[in-house]
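In what follows, a single structure is set out as structure tokens and then discussed.
Every heavy atom of this structure was used, including side-chain atoms; hydrogens, water molecules and symmetry mates were not.
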Amino acid sequence: MVFEKKVIINGEPEDEEEEEEEQEMVDPLEEVRQKCEEIEHCVHNRERLEQCETRVGSRSSTEEDCTEELFDFLHARDHCVAHKLFHSVK
């Protein structure tokens with residue numbers, strides 16, 4: 001095992017190397033989800049969800065909760081994701 005020895009000056013470690021900018025990690029699943037959200041069926045379901053949320057948000061009292069619209073959107077997106085992922089695995 002190798003340990004680096006750091007010199008402490010005035011209570012702070014001396015930086016000999018410049019810190020490299022960390023590259024942002026991109027989740028491949030998120031990329032596929034974003035692409036799938038752009039297909040026509042997902043766009044239509046997202047619009048229905050947004051319309052429902054606007055309608056529910058504009059009312060002071062309602063029992064409507066947009067669950068069906070949310071599930072429709074998620075189902076359409078996840079169906080596309082599964083299709084793309086399983087075809088790339090084969």
Side-chain angles (χ1 to χ4, degrees):
M1 203 183 298
V2 178
F3 293 99
E4 279 190 24
K5 188 174 184 180
K6 297 266 182 180
V7 177
I8 298 178
I9 302 174
N10 295 331
E12 294 182 21
E14 183 179 314
D15 289 330
E16 293 179 11
E17 300 175 13
E18 290 183 32
E19 291 184 30
E20 293 182 23
E21 289 186 35
E22 291 184 27
Q23 291 183 355
E24 187 174 324
M25 298 294 290
V26 178
D27 184 359
L29 181 58
E30 278 302 312
E31 287 182 345
V32 173
R33 282 181 178 154
Q34 288 175 353
K35 288 178 184 175
C36 282
E37 287 179 14
E38 295 170 4
I39 66 170
E40 184 179 347
H41 191 61
C42 286
V43 170
H44 172 73
N45 282 304
R46 179 181 286 282
E47 288 173 356
R48 284 186 57 232
L49 175 60
E50 290 172 353
Q51 289 170 356
C52 181
E53 289 174 339
T54 301
R55 186 173 57 249
V56 169
S58 68
R59 297 180 182 164
S60 60
S61 178
T62 184
E63 291 186 21
E64 186 178 20
D65 61 5
C66 304
T67 302
E68 181 179 340
E69 290 82 357
L70 174 61
F71 285 165
D72 288 345
F73 168 71
L74 293 175
H75 176 75
R77 185 194 65 186
D78 291 346
H79 179 76
C80 169
V81 169
H83 181 73
K84 288 186 181 296
L85 289 179
F86 287 126
H87 279 283
S88 66
V89 173
K90 289 183 180 179

Could you note down all residue pairs passing ring-ring contact (aromatic ring centres under 6.0 Å, His included) where residues 44-77 supplies at least one of them, sequence neighbours left out?
none
Contacts under 3.5 angstrom, residues 50-57 side chains, donor-acceptor by atom type, not counting sequence neighbours:
| from | atom 1 | to | atom 2 | distance (Å) |
| --- | --- | --- | --- | --- |
| T54 | OG1 | E50 | O | 2.9 |
| R55 | NE | E64 | OE1 | 3.2 |
| R55 | NE | E64 | OE2 | 3.4 |
| R55 | NH2 | E64 | OE2 | 2.7 |

Do K35 and E38 meet the salt-bridge criterion of a basic N to acidic O distance under 4.0 Å?
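A salt bridge is absent here (no side-chain N lies under 4.0 Å from a carboxylate O).
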If you round to the nearest 0.5 Å, how far is CD of E47 from SG of C42?
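Reported to 0.5 Å precision, the distance equals 11.5 Å.
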When rounded to the nearest 0.5 Å, the distance separating CD of Q34 from CG of D27 is 10.0 Å
Residues in side chain to side chain donor-acceptor pair (under 3.5 Å) with E37, at least two apart?
R46, R77
Taking atom CD of E31 as the centre, does the number of heavy atoms from other residues, nucleotides or ligands within less than 6.0 Å exceed 12?
yes
Stepwise, does the side chain to side chain contact (heavy atoms under 4.5 Å, CB included) test hold for N45 with E69?
CA-CA 7 Å; N45 282 304; E69 290 82 357; over 6 Å; no
Show the numbers, then the answer: is there a side chain to side chain contact (heavy atoms under 4.5 Å, CB included) between L29 and L85?
CA-CA 9 Å; L29 181 58; L85 289 179; 4.0 Å; yes
Is there less than 2.5 Å between the SG of C80 and that of C36?
yes
